[in-house]
Amino acid sequence: MPGGRRAPPRRPWQAAERTPRAVRAVAAGLAASSAGLLLGVVLVVPVGERAATPRGWAIVACDVGQGDAVLLRDPAHPELTVLVDTGDDPRLLDACLERFGVERIALLVLTHDDRDHVGALPAISDRIDAALISPTVAGERTELRAVVRQLEAAGVPTRIGGAGDRGGAGGLAWRVLAPNHGGAPTDTNAASLVLLVDAGQARVLMLADTGLEEQSRLLEVGTDLRAEVLKVAHHGSRDQDARLPSAVGAGWALVSVGAGNGYGHPNGDALATLSRAGARVLRTDLHGAIALVPDEGGGLSPWVERAGEPPPEGRSRMSVGSPRVEAWQWARRRSRNSDTTRRARPLWC
């Protein structure tokens, strides 16, 4: 903020019912001029930095290199934006926030304490209204965690999250699925907060850096994991439960990963599993920043910062000259009984 003063924090997580709204038409002129009037899903490739950026987005995977930083909101309430993780490059994170018009963060979720998920926190600490952080791992003291000290120094109300925590406002609601409260995870990845988020008309499952063991546990307890969008765990590493993509049934899978990383991410077998489950994979290493925008048909249309070559598992080729992917519509399969995030309770950290 100018002068270094923090704006008075908003109270965004008071329970509120969704209100009907008209879906915003996003980048229609650009899509028509660059790709023609298309049926189905159009992958919009920008031709101008500011002008081409969609303003009606619900989900954005920022390109922060080998790390995670995901923005979520109901486009009808752009002032209530959730940021899940920060990545490790303040410059890249700030560029993403500026590009997508985010001035304040109503809720910051730090899924776990690995640097590629929390390293840019100091650069945005004066823009955060509240924070939800992961459980403290075994053998560590909560008050000595770097993220706790940084948030406390910035005066940000903070709470440790766990399964059953939930909150929401406007058309955005979220729920923590794992890990359970009261446990002592063995490492930071095991401490990862798993979130189910309703961002306007889109439901997103966010797996943080969970691995096979944590994902298997989610499946075994019978948690309803169905969602339109899957934020793939751990940058698409090999350590995944191959049953999970089918259980989620997502049409879009977002992989936040750095180009040329030395970890072998994303793993080819993991990508093939997503493909067999019917998900269209978008990757920040290939496409830069990725936005999913609600469309008039009740689905989601993708926008990417740059065209890239998808992995060769039967994907349509995406390039600047031909920015199409196959038409795809996600048939909503939510049951009223399982749609618990809509009945969100207030959560104040």
Side-chain angles (χ1 to χ4, degrees), residues 41-46 52-54 57-72 84-89 92-93 95-96 99-100 111 114 116-117 202 204-211 227-240 242 244-245 248 250-293 300-320 322-326 328 330:
V41 175
V42 177
L43 186 63
V44 180
V45 179
T53 304
W57 55 267
I59 305 150
V60 170
C62 296
D63 181 8
V64 292
Q66 182 71 7
D68 277 12
V70 178
L71 296 163
L72 303 122
V84 180
D85 293 331
T86 70
D88 187 28
D89 188 322
L92 292 177
L93 178 61
C96 184
R99 179 170 204 164
F100 290 95
T111 61
D114 286 356
D116 60 334
H117 291 254
V204 189
L205 177 64
M206 309 198 66
L207 293 174
D209 272 7
T210 55
E228 288 93 336
V229 181
L230 174 65
K231 204 294 293 182
V232 178
H234 205 177
H235 322 295
S237 76
R238 181 187 299 274
D239 188 23
Q240 313 277 344
L244 189 136
V248 177
W252 297 105
L254 304 180
V255 182
S256 185
V257 62
N261 68 84
Y263 304 100
H265 297 162
N267 174 262
D269 290 340
L271 294 176
T273 299
L274 291 164
S275 178
R276 286 193 297 270
R280 303 294 184 189
V281 179
L282 295 173
R283 298 163 43 175
T284 57
D285 61 333
L286 297 179
H287 305 119
I290 300 161
L292 293 176
V293 183
L300 295 168
S301 294
W303 175 98
V304 297
E305 183 179 4
R306 61 180 181 268
E309 179 66 45
E313 290 98 22
R315 294 288 193 267
S316 300
R317 182 179 179 86
M318 292 181 288
S319 66
V320 174
S322 179
R324 302 188 187 199
V325 294
E326 293 178 16
W328 187 89
W330 191 82

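Side-chain contact between Val281 and Val255: present, with at least one pair of heavy atoms (C-beta onward) separated by less than 4.5 Å. Using a 4.5 Å cut-off on side-chain heavy atoms (C-beta onward), Val64 and Asp85 make no contact. Contact of the Val204 side chain with the Leu292 side chain is not registered, since no non-hydrogen atoms from C-beta on lie closer than 4.5 Å. Taking 4.5 Å as the limit, some side-chain heavy atom of Ile290 sits within range of a side-chain heavy atom of Thr284. Residues Thr111 and Met206 have side chains not in contact (no heavy-atom distance under 4.5 Å, counting atoms from C-beta outward). Ile59 places none of its side-chain heavy atoms less than 4.5 Å from the side chain of Trp252. The shortest distance between side-chain heavy atoms of Cys96 and Val60 falls below 4.5 Å.
In terms of heavy-atom proximity, Gly258 sits nearest to Asp285 at C-CB, 3.9 Å. When all heavy atoms of Ala291 and Trp57 are compared, the pair lying nearest together is CB-CB, 4.2 Å. Considering every non-hydrogen atom in both Phe100 and Ala289, the closest pair reads CE1-CB, 4.1 Å. Scanning all heavy atoms of the two residues, the minimum distance from Pro245 to Ala242 falls at CD-O, 3.5 Å. Considering all non-hydrogen atoms of both residues, Leu71 and Cys62 come closest at CD1-SG, 4.0 Å. In terms of heavy-atom proximity, Gly87 sits nearest to Ala69 at N-CB, 4.2 Å.
Put simply, NE2 on His287 and CG on Leu282 are 6.0 Å apart, with the number rounded to the nearest 0.5 Å. One distance of note links CG of Leu207 with NZ of Lys231; it measures 7.0 Å at 0.5 Å rounding. We find the OG-CZ distance between Ser275 and Arg280 to be 7.5 Å, quoted to the nearest 0.5 Å. To the nearest 0.5 Å, atom CD of residue Gln240 and atom CG of residue Leu274 are 7.5 Å apart. To the nearest 0.5 angstrom, Asp116 atom CG is 9.0 Å from Thr86 atom OG1.
Using cut-offs of 30° and 60° on the angle between ring planes, the pair His235 and His117 is tilted.
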Step by step, would you call Arg306 with Asp63 a side-chain contact (heavy atoms from CB on, under 4.5 Å)?
-> CA-CA 11 Å; Arg306 61 180 181 268; Asp63 181 8; 3.7 Å; yes
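Take Arg238 and apply the side-chain hydrogen bond (donor to acceptor under 3.5 Å, both in side chains) test, not counting sequence neighbours, and it matches no residue.
Each of Val248, Val229, Val232 was scored for a side-chain contact (heavy atoms from CB on, under 4.5 Å) with Leu205, with one residue passing: Val248.
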Under 3.5 Å, sequence neighbours excluded: what are the donor-acceptor pairs made by side chains of residues 265-273?
from, atom 1, to, atom 2, distance (Å)
His265, ND1, Gln66, NE2, 3.1
Asn267, OD1, Asp269, N, 2.9
Asn267, OD1, Ala270, N, 3.0
Thr273, OG1, Asp269, O, 3.0
Thr273, OG1, Arg276, NH2, 3.2

